[in-house]
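All of these numbers come straight from a predicted model, not from anything done at the bench.
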Amino acid sequence: MPAGMAFLAAITSVVYYHNIETSNFPKLLIALLFYWTLAFITKTIKFVKFCDNGVGFSQLRFCLTGLLVVLYGMLLAVEINVIRVRRYVFFKTPKEVKPPEDLQDLGVRFLQPFVNLLSKGTYWWMNTFIKTAHKKPIDLKTIGKLPIAMRALTNYILLNEAFEAQKNKRSSSPQGSRSIWRALCCAFGRPLLLSSTFRILADLLGFAGPLCISGIVHNVGKGNNTIRPQTKILGVFFISSQEFLSNAYVLAVLLFFALLLQRTFLQASYYVAIETGINLRGAIQTKIYNKIMQLSTSNMSMGEMTAGQICNLVAIDTNQLMWFFFLCPNLWAMPVQIIVGVLLLYYLLGISALIGAAVIIVLAPVQYFVATKLSQAQRSTLEYSNERLKKTNEMLRGIKLLKLYAWEHIFHSSVEETRQKEMTSLKSFALYTSISIFMNAAIPIAAVLITFVVHAHLTRKADFSPSVAFASLSLFHILVSPLFLLSSVVRSTVKALVSVQKLSEFLSSEEIGEEHDKSSELRSADNHSKYQAVPLKVVNRKRPAREDWNNYSSHMRRPINITEADDFCVKITNGFFTWTPEGPPALSNIDIRIPQGQLTMIVGQVGCGKSSLLLAILGEMQKISGNISWSSCTSDSETGEDFSPEKEPPIDMEVRKRGAVAYASQKPWLLNATVEENITFESSFNKQRYKAVIDACSLQPDIDILPHGDQTQIGERGINLSGGQRQRISVARALYQQTNVVFLDDPFSALDIHLSDHLMQEGILKMLREDKRTIVLVTHKLQYLPHADWIIAMKDGNIQREGTLKDIQKSETELFEHWKTLMNRQDQELEKETTIEENPVLERTNLRRTMYSREALLKDDEEDEEEVTESDDEDNLSSVLHQRAKMPWRACGKYLSAAGILLLPLLLLSQLLKHTVMVAIDYCLALWTEHAISIKTEPEIKNCSQCMEFDHSQYSKVFSILCCLGIVLCLVTSIAVEWTGLKVTKKLHSSLLNKIILAPMRFFETTPLGSILNRFSADCNTIDQHIPATLECLSRSTLLCVSALAVISYVTPMFLIALVPLAIMCYFIQKYFRVASRDLQQLDDSTQLPLLSHFSETVEGLTTIRAFRYEAKFRQKLLEYTDSNNIASLFLTAANRWLEVRMEYIGACVVLIAAVTSITSCLYNKITSGLVGLGLTYALMVSNYLNWMVRNLADMEIQLGAVKRINGLLKTEAENYEGLLSSSQIPQNWPDRGEIQIQNLSVRYDSNLKPVLKHVNAHISPGQKIGICGRTGSGKSSFSLAFFRMVDTFEGRIIIDGIDIAKLPLQTLRSRLSIILQDPILFSGTIRFNLDPEKKCTDSMLWEALEIAQLKHVVKALPGGLDAIVTEGGENFSQGQRQLFCLARAFVRKTSIFIMDEATASIDMATENILQKVVMTAFADRTVVTIAHRVHTILNSDLVIVMKRGVILEYDKPEVLLEQEDSVFASFVQADK
């Protein structure tokens, strides 16, 4: 009684103390101080008295008293220390204690670092979070901000300090692998030590299970008879510790507490290790980003380092390091676990245990070999997968061209061929996975078989009781897990070593020259304390404060005072620039000056180094020699972002640092953000200026088309915009910025004449030049030269001439005349107003529909999330929540049904049989040991002199047969699962590819490319590699739990009563967890995407960011993205720990109940001790596998989303490729003449859209040259697409050479016509493949086509000639050259009808004029239909068609139309002069 009261008092005092702390009322601590002092003194007196009377450790009461003395002593010491440090009591001025800064910020909801120890250990604080998740979906707002100590910036500062320390120690190679490892250990080693300590404690407590089972079964076998004559000391009866521990019930309770403690320590170890890994990942990502900001551009452009490699470093290598840190504690814990396990086995079984352990240890290298092969197979699968994705990506990007040229089959077979290689790799991956699964399951069976058979036969007099057998069985299960983990730990270590090597190479790669100001390095390291970290922005950001335009101008820009000495903005003297240090100079003898506050134009032919000159001025190229000087008025940043006098290093006045430059690159670079954010580009919003910029760039009609106006998200790389729209947004950004200097690199290349003129007049001349901004404009449009204040003419990387137009007219008459002929217009100041007609309503509605259907498809695409907008209707909301809690059984059915009729029954039967045999093996062991012990104990009971010898052979035969059968079934199940996976993945990918490639063009216009690509990449990868493993794991853990519960229920049916409440608890825990886990998993993935795209965006737009001097702003963004990703990962980890702690506590309850019921049943002679051992061994198994079952269920749910999404795409309807005419009815050389009759033609893009061509009639004679012109959206392109049946012809017909094209098979029709599109599309491969993928032409034919396209000299100069490599998207050729290759491709086809759809848009005028002549001569006998971008290109046509809003407005010879004063064509020609 007194002991019980003392225990209650201790508990009460701890609760009391906790309440004092939370209510912050320290005066009440005096009561506790008295209580703990008195308790300590009384217990110490009692303990001393025991010692005096010779009571020792053998007595239980002595041990308990000693323990209480230590406990009270510690509590008293803590109490006194708290009072002393906090000055609570006995001091006049107590210290005011404030809660941590994080907790004062209501945005921090991740409370793990701040809660008390119990809540920390059981993740109690997560309860409310997980309940809330069940009521409404989790988003970034719900999870709030990261605590300061876990933010990327705090950890980056830690890591950087460690790096600096390493640098100071070893100046030789500060970025070497060794230094990086040292820095990582220095910054993040401490929490790893804590995690390892928890892990070792948990592993040691894990051995309590087998030892307690052994004790319980042993004592139960003896009838639990522990009552011995009691010792009486000091008039009190004492019970010895040995007697106490011999009681089976006591052992059951001890086992329960040991399990609780062990699981708590294990989860704490996991949590600390993962948290450290996540912190480390954030720090390394920030480190990599800072390096990217200083990378030399030549590294990127010369292919030494691709954007892909950098993204891999961020996406893969940082995660490898994170996982290594997570698995790191195993490196120390595993040897301890193995040594203790083997010693205990030896203690129980003697020499035979070593034989069994040897089997496991000998097979460990085999497992390592399998694991190595598995990772090799995974790597080769990844390589083929990347190759397949690259091909798929190219196929989807160029799908329009493939359909127009009827090349689908070529690319389809190319993707299929790569997929076959990938499948071969996947087969070996599946084989090694199944061997790995098989070994994991079979090794314990083999070890147990060998051990017990050897033990029974070799050591005949040895103890072979149920207590020994089942304790050994549990020990084998414990021993196997570290050895299985060993292979993954070693693999993870190897991967981490490789990752650090890559990181070291990256960090030591070349940085940009001294032109780049390094002072913009993350200064936060110096001037932020750890607790001034950046707040995490949530997704729904509020708009920045909108300022008045005048304020904006005044504080953003400095007045410019042009003095005589300072009349230039930039001056280069004797400049030689190169891309690579070893390479030849790309620019030589550069001596130029760019005048302050004026418009400078840089002109020259394609590839003469105009863009390189801009980059050289911006300091992006490597300077061999010479000087770049900036005038003083641009030498500090107008953005006020990175530069301030005290931060700027002293500079030589001759070579001043440049300020911010608004730069629009030739290839438009857009952010994955809204249109408005792309234009304002981190500057404060000013409505007046914003509107002016939108008007100058003619963006209003485009914005009206977009579904959410200027708040529409632009896809990555501006995927959902046309080339012209991307270009104009990029220029709008440069116009909007308030910098003194603006660089525009060929801003008119993708714009038609009206848009170009408007941009020139309103944007460049009005907004910029009148504002006295310095403008440098690279252009091919020579008609704008009269506007230039200064002209730089370039040729082959040199400056041909610089000066005003008048200077050049005087000194370089030949050059001037050449320009004049190219200009095709008089030297006039554009007096007439160029009226820009609004895009027709028709096209706008079409485009709007396109965009809306795109949005709809996107939503449809995410149907698995089923996050329907919250409605006031309660029923609707509850049905949504019900949906979220439901498993996607239909998708599971689809997956399994794809396996076929044979595999599915094999899969199910083999699993059931395997688990039945497993139970039979253990049951056989129970009977065997029971009989062995009964034979041994019988003579003792009857006091027989001679001892009967027990014959083990019969049992060992049955046991061996069952074990062998079990091993065979393990092999069958592992192969069946992987085989099923292979069959399903092959079937799904093949069906998906067939569906997509034959889908109508409309499907690609309305579905985002990224969405389709995701099905081929992420979803296929999930189905290929993850679902089979998860399915195997899920079925194994579920069947193990079911069979274990069945065995326990068989042993003690009483257990079933207790099972009901436990099962209900399990059900609710898994139900709540699955919903929260899925949301957090999706949040983790969705926050990773912006982070990775921010990296790739930064790499792609590095020159722009550095030109604008926006490095600090982009770093800030990175910290926000990293923190949002890390908080999602931390919550996901905490949710997993929350589940595992609860499931393992339930498992511990199962063990306790099973132990108590089976001990009771055995004592009342209902069951044998062998069955008690069997029940307890299985109960321990339940506690191990319960959480695995729920975790795998949650994973399976997420992974089945991939199957669901792919099935959604499989419902796409294909184009009708069949024709009414058979191939024999179509002449072999059709169309040979090229006569086209268009009769009452009406077409539309989709059956539910309005027509884009209405009742068009035309007749084109063989060999005629037709020009089609009209404003944007007049139906010109639709007209050309109608010939190829790419649009829905719902009325009228087109007859070519006497055959109605509607009757022809699509493949035949498209293969007999040729078209050149506006956007040049090149595929990776050789030049030969790009010109002739069907391999029908000879080399001479290809060279002839290249000569016609003015490319022969270019290709001749390349290594390999026709076999020279074309990189992805043709990036190694300029835009103009790509367009010329596309022309050559069309020439190769030699068809009698040839369509050019604005094909010369991105070619300079000189090349275009040559081409026009060539087309007229080379195609003299062919019918040519030209859709005009510049009207002067069709002046030589035989016929001109002028279109407006889908109808033909004018249709006659050009000379006839020009004579008519009121003709629309004449007005076009006039405007184009």
Mind listing the closest non-hydrogen atom pair of [X] and [Y] along with its distance?
X       : Y       : answer
Asn574  : Asn589  : OD1-OD1, 4.4 Å
Gly763  : Leu735  : CA-CD1, 4.0 Å
Ala1384 : Leu1331 : CB-CD2, 3.8 Å
Met794  : Ile799  : CG-CD1, 4.1 Å
Ala793  : Leu815  : CB-CD2, 4.3 Å
Val314  : Gln285  : O-NE2, 3.7 Å

How far does [atom1] of [X] sit from [atom2] of [Y], to the nearest 0.5 angstrom?
X      : Y      : atom1 : atom2 : result
Lys610 : Ile602 : NZ    : CD1   : 9.5 Å
Gln727 : Leu759 : CD    : CG    : 9.0 Å
Leu587 : Ile572 : CG    : CD1   : 8.0 Å
Leu313 : Leu503 : CG    : CG    : 5.5 Å
Glu802 : Ile791 : CD    : CD1   : 11.0 Å
Arg728 : Ser756 : CZ    : OG    : 9.5 Å

Validation row: [X], [Y] side chains within 4.5 angstrom (heavy atoms):
X       : Y       : result
Phe816  : Leu785  : no
Val1099 : Ile292  : yes
Val661  : Trp630  : yes
Ile1105 : Met293  : yes
Lys781  : Met601  : no
Gln605  : Lys795  : no
Leu777  : Phe748  : yes
Phe1381 : Val1355 : yes

- Message: Taking the cut-offs as 6.0 angstrom to the six-membered ring centre and 45 degrees off its axis, would you call Arg733 and Phe681 a cation-pi pair?
- Response: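 Yes, Arg733 sits over the ring of Phe681.
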Please answer whether the main-chain N or O of [Y] pairs with a side-chain N or O of [X] as donor and acceptor at a distance below 3.5 Å.
X       : Y      : value
Glu1100 : Trp669 : no
Asn627  : Thr573 : no
Trp790  : Val776 : no
Gln737  : Thr680 : yes
Asp807  : Thr804 : yes

- Message: Apply side chain to side chain contact (heavy atoms under 4.5 Å, CB included) to residues Tyr663 and Leu618 and explain how you reach the verdict.
- Response: CA-CA 10 Å; Tyr663 170 65; Leu618 290 171; 4.0 Å; yes
- Query: Quick one: which of Ile628, Ile617, Leu613, Leu615 gives a side chain to side chain contact (heavy atoms under 4.5 Å, CB included) with Phe577?
  - Reply: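 Of all the options given, the one that passes is Ile628.
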- Task: Identify, with sequence neighbours excluded, every residue that meets salt bridge (Lys or Arg N to Asp or Glu O under 4.0 Å) alongside Glu1347.
- Result: Lys1352
- Message: Restricting to salt bridge (Lys or Arg N to Asp or Glu O under 4.0 Å), what partner residues turn up for Lys502, sequence neighbours left out?
- Response: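 Asp317.
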- Could you walk me through whether Lys1356 and Leu1346 pass the side chain to side chain contact (heavy atoms under 4.5 Å, CB included) check? CA-CA 10 Å; Lys1356 271 260 164 75; Leu1346 288 171; over 6 Å; no
- Query: side chain to side chain contact (heavy atoms under 4.5 Å, CB included) between Thr1098 and His1094: does it pass, once the steps are laid out?
  - Reply: CA-CA 6 Å; Thr1098 305; His1094 185 64; 4.0 Å; yes
- Query: What orientation do Tyr289 and Phe1095 show, parallel under 30°, tilted 30 to 60°, or perpendicular over 60°?
  - Reply: perpendicular
- Item | Side chains of Tyr736 and Ser683, donor plus acceptor under 3.5 Å | no
- Stepwise side chain to side chain contact (heavy atoms under 4.5 Å, CB included) check, Leu507 with Ile180: CA-CA 10 Å; Leu507 290 176; Ile180 292 178; 4.2 Å; yes
- Message: Under the rule for side chain to side chain donor-acceptor pair (under 3.5 Å), what residues qualify as partners of Gln598, not counting sequence neighbours?
- Response: none
